[in-house]
Amino acid sequence: MSFSIITWNINSVRIRLEHLKDIVDNYKPDLICLQETKVTNDKFPREKIKLLGYDYCYPNGIPSYNGVCIISKDKARNVKTINWCGTNDGRHIQLQIKNLTLHNFYIPAGGDEPVQETNIKFKHKICFLNELIIWAKKQNTNNTILCGDFNIAPMKNDVWSHNQLKNSISHTRIEREKLIEFQKSGCWLDIVKEKILPPNNIFTWWSYRSPNFKVNNRGRRLDHIWISKNLKQNVLDTKILCKYRGLVKPSDHVPILVRLKN
């Protein structure tokens, strides 16, 4: 028996329900962590999600943008949210299911210019990361999974060109170093890096500006699944589901799947 989790920045759950149905039909995950749901909790499409075989939805949403949700076949325990940086902007939800603690994150993108003094969005992103580092040091990380759109490509080969993007938001030194510090503070394993290595495609995001993402392949690895070290031996499979970027009206992100021994 196995247990599978998918994380995906869906970029509007109401717009891409058919894409979500295709993922469910093909991969049948037990849990689905969504980011950028872009819907308030009272308007989350629970009944349509139930038709996909998931009786439980745990959303943390706000109007029009951001928003996260964990969709589950089984009822969860201890469902909580944390409002990082004192803002109620729908970027986190956590729960316990079976013997696991699961956290779903949508870390701020950071705007256009990586200058904290003049870009309040980038300043917010760095504040968010600083709080994550402090929080991680206090956690008991056994049987824990963190996932979501972290909006940072931490390693040089996580982008199509390190030299051209090293001063661009999502790949600046300060972002990369703080994300790695966050990971090390909780002793989590970056399971995509553990299981999928170049020359295999490790990107999870391609800009809508790219006319043909397959040909140009100017992607970045912004989406992540981290697991506690005691779970490493339980990992059976890890996949980046790139085909979903090629659908009609796709999200600019693609899902990641991890399958573990139950």
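This is a predicted model, so every value here is computed, not measured. The basis for the numbers below is simple: all heavy atoms, side chains too, and nothing from hydrogens, waters or symmetry mates.
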Enquirer: Between Asn157 and Lys193, does a side-chain hydrogen bond (donor to acceptor under 3.5 Å, both in side chains) hold up when you go through it step by step?
Expert: CA-CA 11 Å; Asn157 60 7; Lys193 274 297 187 190; 2.7 Å; yes
Enquirer: Please determine whether residues Ile256 and Leu260 belong to a single hydrophobic cluster, defined as Ile, Leu, Val, Met, Phe, Trp and Tyr linked transitively by side-chain heavy-atom distances below 4.5 Å.
Expert: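 Yes, same cluster.
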Enquirer: So, Asp22 and Asn26: side-chain donor and acceptor under 3.5 Å apart, yes or no?
Expert: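 The criterion, which ignores hydrogens and geometry beyond distance, is satisfied for Asn26 and Asp22.
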Enquirer: Using only heavy-atom distances, determine whether the side chains of Asn104 and Gln94 contain a donor-acceptor pair under 3.5 Å.
Expert: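 No, no side-chain donor-acceptor contact under 3.5 Å.
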Enquirer: Would Asn142 and Lys229 count as having a side-chain donor-acceptor pair, cut-off 3.5 Å?
Expert: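 Per modelled atom types, Asn142 and Lys229 side chains form no pair under 3.5 Å.
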Enquirer: Are Ile225 and Thr238 side-chain neighbours, meaning at least one heavy-atom pair lies under 4.5 Å?
Expert: no
Enquirer: When you compare the side chains of Asp42 and Thr40, does any donor N or O come within less than 3.5 Å of an acceptor on the partner?
Expert: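 Yes, because at least one side-chain N or O of Asp42 sits under 3.5 Å from a partner of the opposite role on Thr40.
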Enquirer: Distance from Lys50 atom NZ to Glu47 atom CD, nearest 0.5 Å?
Expert: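 Answer rounded to 0.5 Å: 5.0 Å.
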Enquirer: Can you spot which of Leu257, Val258, Ile71 makes a side chain to side chain contact (heavy atoms under 4.5 Å, CB included) with Ile6?
Expert: Leu257
Enquirer: Testing the 3.5 Å rule here: is there a donor-acceptor pair between the side chains of Asn217 and Asn201?
Expert: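 Yes - a donor-acceptor pair under 3.5 Å links their side chains.
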Enquirer: Would Tyr208 and Asn11 satisfy side-chain hydrogen bond (donor to acceptor under 3.5 Å, both in side chains), going step by step from the backbone distance to the final call?
Expert: CA-CA 12 Å; Tyr208 285 132; Asn11 198 6; 3.1 Å; yes
Enquirer: Quick check on Lys184: does its NZ atom have over 12 non-hydrogen neighbours (other residues, nucleotides or ligands) under 6.0 Å away?
Expert: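 Counting neighbours around NZ of Lys184, 12 or fewer heavy atoms of other residues, nucleotides or ligands fall under 6.0 Å, so no.
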Enquirer: Less than 4.5 Å apart, any side-chain heavy atom of Val13 and any of Pro45?
Expert: yes
Enquirer: Between His124 and Phe128, what is the ring plane arrangement, given parallel below 30°, perpendicular above 60°, and tilted in between?
Expert: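 The arrangement is perpendicular - the two ring planes meet at more than 60°.
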Enquirer: Using atom types as modelled and distance alone, determine if a side-chain donor or acceptor of Arg91 lies under 3.5 Å from a backbone N or O of Val68.
Expert: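 No; zero donor-acceptor contacts below 3.5 Å.
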Enquirer: So Phe203 and Trp206, would you call those rings parallel, tilted or perpendicular, with 30° and 60° as cut-offs?
Expert: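 Ring orientation of Phe203 relative to Trp206: perpendicular.
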Enquirer: Which atoms form the tightest heavy-atom contact between Pro29 and Val24, and what is the distance?
Expert: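 Heavy atoms only, the tightest pair is CD-CA, 4.1 Å.
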Enquirer: If you take the centroid of each ring, where Trp contributes its six-membered ring, are Phe213 and Trp205 closer together than 6.0 Å?
Expert: no
Enquirer: Classify the side-chain pair Gln35/Thr7 by whether it contains a donor and acceptor separated by less than 3.5 Å.
Expert: yes
Enquirer: Is the distance between the ring centroids of Tyr106 and Trp84 under 6.0 Å?
Expert: no
Enquirer: Are Leu34 and Tyr56 co-members of a hydrophobic cluster defined by side-chain heavy atoms under 4.5 Å apart?
Expert: no
Enquirer: Show the numbers, then the answer: is there a side-chain hydrogen bond (donor to acceptor under 3.5 Å, both in side chains) between Asn119 and Glu113?
Expert: CA-CA 6 Å; Asn119 180 356; Glu113 295 295 327; over 6 Å; no
Enquirer: With heavy-atom distances below 4.5 Å as the criterion, would you say the side chains of Leu146 and Thr144 are in contact?
Expert: yes
Enquirer: Taking all non-hydrogen atoms of both residues into account, name the closest pair between Asn151 and Ile107 and its distance.
Expert: ND2-O, 2.8 Å
Enquirer: Evaluate the side-chain proximity of Glu177 to Phe182: yes if any heavy-atom separation is below 4.5 Å, no if none is.
Expert: no
Enquirer: Taking Ser185 for the side chain and Ala136 for the main chain, is one N or O donor matched with an acceptor at less than 3.5 Å?
Expert: no
Enquirer: If we only count heavy atoms from C-beta on, is the Arg220 to His171 side-chain gap below 4.5 Å?
Expert: no
Enquirer: Any donor-acceptor pair under 3.5 Å linking the side-chain atoms of Ser207 with those of Arg218?
Expert: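 Side chains of Arg218 and Ser207: no pair found under 3.5 Å.
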Enquirer: Report the distance from atom CG of Leu189 to atom CD1 of Ile145, rounding to the nearest 0.5 Å.
Expert: 11.5 Å
Enquirer: Could you check if a side-chain atom of Asp30 sits within less than 4.5 angstrom of a side-chain atom of Asp74, using non-hydrogen atoms only?
Expert: no
Enquirer: Checking Asn143 against Asn230: is there a side-chain donor and acceptor pair closer than 3.5 Å?
Expert: yes
Enquirer: Mark yes or no for whether Asn66, through its side chain, and Asp89, through its backbone, hold a donor-acceptor pair below 3.5 Å.
Expert: yes
Enquirer: Is the closest basic N to carboxylate O distance between Arg221 and Asp190 below 4.0 Å?
Expert: yes
Enquirer: Kindly compute the distance separating CG (Leu52) from CG (Leu17), expressed to the nearest 0.5 Å.
Expert: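 Here the interatomic distance stands at 7.0 Å.
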Enquirer: Nearest 0.5 Å, please: how far is NE2 in His103 from CG in Leu132?
Expert: 10.5 Å
Enquirer: Drop me the distance from Asn234's CG to Leu100's CG, to the nearest 0.5 angstrom.
Expert: 9.0 Å
Enquirer: Is the closest side-chain donor-acceptor distance between Asp223 and Thr204 under 3.5 Å?
Expert: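 Asp223 vs Thr204: donor-acceptor pair found between side chains.
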Enquirer: Under 4.5 Å between side-chain heavy atoms, counting indirect links through other Ile/Leu/Val/Met/Phe/Trp/Tyr residues: same cluster for Ile49 and Ile70 or not?
Expert: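 No, Ile49 and Ile70 fall in different hydrophobic clusters.
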Enquirer: Would you mind reporting whether Ser4 and Lys28 have side-chain heavy atoms less than 4.5 Å apart?
Expert: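 No. Closest side-chain heavy atoms not under 4.5 Å.
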Enquirer: Side chains of Ser161 and Asn163: do they bring a donor and an acceptor to under 3.5 Å?
Expert: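 Absent: no donor and acceptor within the cut-off.
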Enquirer: Identify the heavy atoms of Phe44 and Val39 that sit nearest to each other, and give their distance.
Expert: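 Distance-wise, the nearest heavy atoms are CD1-CG1, 3.7 Å.
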Enquirer: Working to the nearest 0.5 Å, report the span between CG of Asn140 and OG of Ser228.
Expert: 9.0 Å
Enquirer: Are Trp135 and Ile82 side-chain neighbours, meaning at least one heavy-atom pair lies under 4.5 Å?
Expert: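 SC-SC contact between Trp135 and Ile82 confirmed.
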Enquirer: Taking all non-hydrogen atoms of both residues into account, name the closest pair between Glu175 and Ser168 and its distance.
Expert: OE1-O, 4.1 Å
Enquirer: Hey, does the side chain of Lys125 reach the backbone of Ala109 with a donor-acceptor pair shorter than 3.5 angstrom?
Expert: yes
Enquirer: Return the minimal non-hydrogen interatomic distance between Lys98 and Arg77, and the atom names on each side.
Expert: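 So the two residues come closest at O-NH2, 3.2 Å.
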Enquirer: Between Lys38 and Ser64, does a side chain to side chain contact (heavy atoms under 4.5 Å, CB included) hold up when you go through it step by step?
Expert: CA-CA 5 Å; Lys38 297 184 178 181; Ser64 301; over 6 Å; no
Enquirer: Is it the case that more than 12 heavy atoms not belonging to Lys73 sit under 6.0 Å from its NZ atom?
Expert: yes
Enquirer: Report yes or no: do Leu241 and Tyr54 belong to one cluster of Ile/Leu/Val/Met/Phe/Trp/Tyr joined by side chain heavy-atom distances under 4.5 Å?
Expert: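 Yes, one cluster joins them.
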Enquirer: Do you know which two heavy atoms are closest between Asn9 and Glu36, and how far apart they sit?
Expert: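 Where Asn9 meets Glu36 most closely, the heavy atoms are ND2-OE1, 3.0 Å.
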Enquirer: Heavy-atom count around Asp112 CG within 6.0 Å, excluding the residue itself: above 12?
Expert: no
Enquirer: Would Phe3 and Lys261 satisfy side chain to side chain contact (heavy atoms under 4.5 Å, CB included), going step by step from the backbone distance to the final call?
Expert: CA-CA 6 Å; Phe3 181 79; Lys261 293 178 186 177; over 6 Å; no
Enquirer: Take His224 and Trp188 through the ring-ring contact (aromatic ring centres under 6.0 Å, His included) test and state the conclusion after the steps.
Expert: CA-CA 11 Å; His224 302 267; Trp188 290 292; over 10 Å; no
Enquirer: Hey, any chance Ile97 and Ile32 share a hydrophobic cluster, counting ILVMFWY side chains that come within less than 4.5 Å of each other, even indirectly?
Expert: no
Enquirer: Please walk me through it: do Leu236 and Ser2 pass side chain to side chain contact (heavy atoms under 4.5 Å, CB included)?
Expert: CA-CA 8 Å; Leu236 299 172; Ser2 63; 3.8 Å; yes
